[in-house]
Peer 1: 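Would you mind keeping the following structure in view while I ask a few things?
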Amino acid sequence: MFGAIVAGRLVQTNLQQIDETHFVFPLERPYEINHLTVFLLGTIPFPDGYGASVHFAWPGGPYIPLGTLTNARPSSIYRLRPLLPAGAAGASDTQASAPAQLGIEIAPIQQLEVVVAQVAAGAGAGAGEGAGGAGAGAGAGAGALAPRGDVGKIAEKVVKNLFNYLHSFGGDVTLTPDTPIPLSVFQRWYDNFLRKIENDRGAAFLDRAD
């Protein structure tokens, strides 16, 4: 149902379902992460009146609200570097090797509005928004998130590109929420995506796909 991409890495395939409404992506080498994209795969929409809140926890730290996902806003990009905890640069080898946790909770829209308010309060004036409709974190440095007008549109186009690719690989087979999709398909999409970026010297091909 959910996907995640750390900038410069392969698509995350290690989603863990805790229960019916809680999911976790363990993220290795967390202190190297700058930008993080979270999105719906497009195979299973949220029920009416529901969405998901997105949270991030550094190793051994509390969860920080990042933003939200909804059917109308199915993707978001967050910048994590401004949220680095104090002393992270000098973390021990043990701390550096521990994974961070990307948490996702499915919840009613009314509950998500509380998360949006928390993010807005923590981000302060001038903070940008992700495509999920909320700013990218808490604390004084969160305002460094790229503006929604740029990053949000790019995130939506990337997810649309992945969604179209998943539907094209099956040929005449109609994808349903129960259709198994091999991880190799995601790997081929990612390789093709990087090749197109290199050939175009940018992401102009995402506009041509519209």
Side-chain angles (χ1 to χ4, degrees), residues 1-17 23-30 32-46 51-56 66-81 99-104 106 129-133 136 145-146 148-210:
M1 184 174 185
F2 300 104
I5 303 176
V6 173
R9 301 184 188 177
L10 299 177
V11 177
Q12 295 288 142
T13 59
N14 57 342
L15 178 66
Q16 300 175 4
Q17 183 169 358
F23 303 81
V24 171
F25 279 106
L27 301 178
E28 301 295 334
R29 309 194 311 278
E32 300 175 10
I33 299 175
N34 191 356
H35 289 88
L36 172 66
T37 302
V38 186
F39 54 91
L40 294 179
L41 293 178
T43 54
I44 306 176
F46 291 118
S53 57
V54 181
H55 307 260
F56 182 85
L66 297 181
T68 61
L69 300 175
T70 64
N71 289 331
R73 294 288 185 180
S75 63
S76 192
I77 296 179
Y78 307 106
R79 187 168 183 238
L80 299 181
R81 299 298 291 178
Q101 303 290 326
L102 173 63
I104 302 173
I106 298 176
E129 292 185 350
L145 179 69
R148 169 179 172 177
D150 296 329
V151 174
K153 290 181 180 179
I154 293 174
E156 290 180 3
K157 290 178 180 179
V158 170
V159 174
K160 180 180 178 181
N161 184 273
L162 173 59
F163 184 76
N164 290 339
Y165 184 85
L166 292 178
H167 275 267
S168 67
F169 92 93
D172 296 331
V173 177
T174 301
L175 290 184
T176 71
D178 298 321
T179 303
I181 301 177
L183 295 181
S184 60
V185 174
F186 289 93
Q187 182 65 58
R188 288 200 300 271
W189 167 79
Y190 185 75
D191 292 340
N192 291 336
F193 190 85
L194 292 182
R195 185 175 65 254
K196 289 179 179 178
I197 288 179
E198 183 176 354
N199 291 340
D200 277 20
R201 297 185 181 277
F205 67 92
L206 291 175
D207 294 319
R208 294 196 298 270
D210 288 343

Peer 1: Ignoring hydrogens, what is the shortest heavy-atom contact between His35 and Arg79? Give both atom names and the distance.
Peer 2: NE2-CD, 3.7 Å

Peer 1: When rounded to the nearest 0.5 angstrom, what is the spacing between CZ in Arg9 and CZ in Arg29?
Peer 2: 4.0 Å

Peer 1: Check for a donor-acceptor pair, side chain of Asn14 on one end and backbone N or O of Pro26 on the other, with a separation under 3.5 Å.
Peer 2: yes

Peer 1: Testing the basics here: between Asn34 and Arg81, what is the closest heavy-atom pair and its distance to 0.1 Å?
Peer 2: OD1-CG, 2.9 Å

Peer 1: What is the minimum heavy-atom distance between Phe56 and Ala100, and which atoms define it?
Peer 2: CZ-CB, 3.5 Å

Peer 1: Report yes if some heavy atom in the side chain of Leu41 is under 4.5 Å from a heavy atom in the side chain of Phe2; otherwise report no.
Peer 2: no

Peer 1: Name all residues meeting the side-chain contact (heavy atoms from CB on, under 4.5 Å) criterion together with Leu162; count only those two or more places apart in sequence or in a different chain, and write none if there are none.
Peer 2: Phe39, Leu166, Phe186, Trp189

Peer 1: Taking the side chain as every heavy atom from C-beta outward, state whether Ser76 and Leu69 have any pair of such atoms under 4.5 Å apart.
Peer 2: yes

Peer 1: Which value, rounded to the nearest 0.5 Å, describes the distance between Met1 atom CE and Leu40 atom CG?
Peer 2: 6.0 Å

Peer 1: For Phe46 and Asn71, work out which heavy atoms get closest and say how close.
Peer 2: N-OD1, 2.9 Å

Peer 1: Kindly give the heavy-atom pair with the smallest separation between Ala4 and Leu102, and that separation in Å.
Peer 2: CB-CD2, 3.9 Å

Peer 1: If I compare all heavy atoms of Thr68 with all of Tyr78, which pair ends up nearest, and what's the gap?
Peer 2: N-OH, 3.8 Å

Peer 1: Mind checking whether Glu32 and Val6 have side chains closer than 4.5 Å, heavy atoms only?
Peer 2: no

Peer 1: Using the rule side-chain contact (heavy atoms from CB on, under 4.5 Å), only one of Thr37, Leu36, Ile5 pairs with Ile77; which is it?
Peer 2: Thr37

Peer 1: Quick check for you: to the nearest 0.5 Å, what is the distance between Gln16 atom CD and Phe23 atom CZ?
Peer 2: 12.0 Å

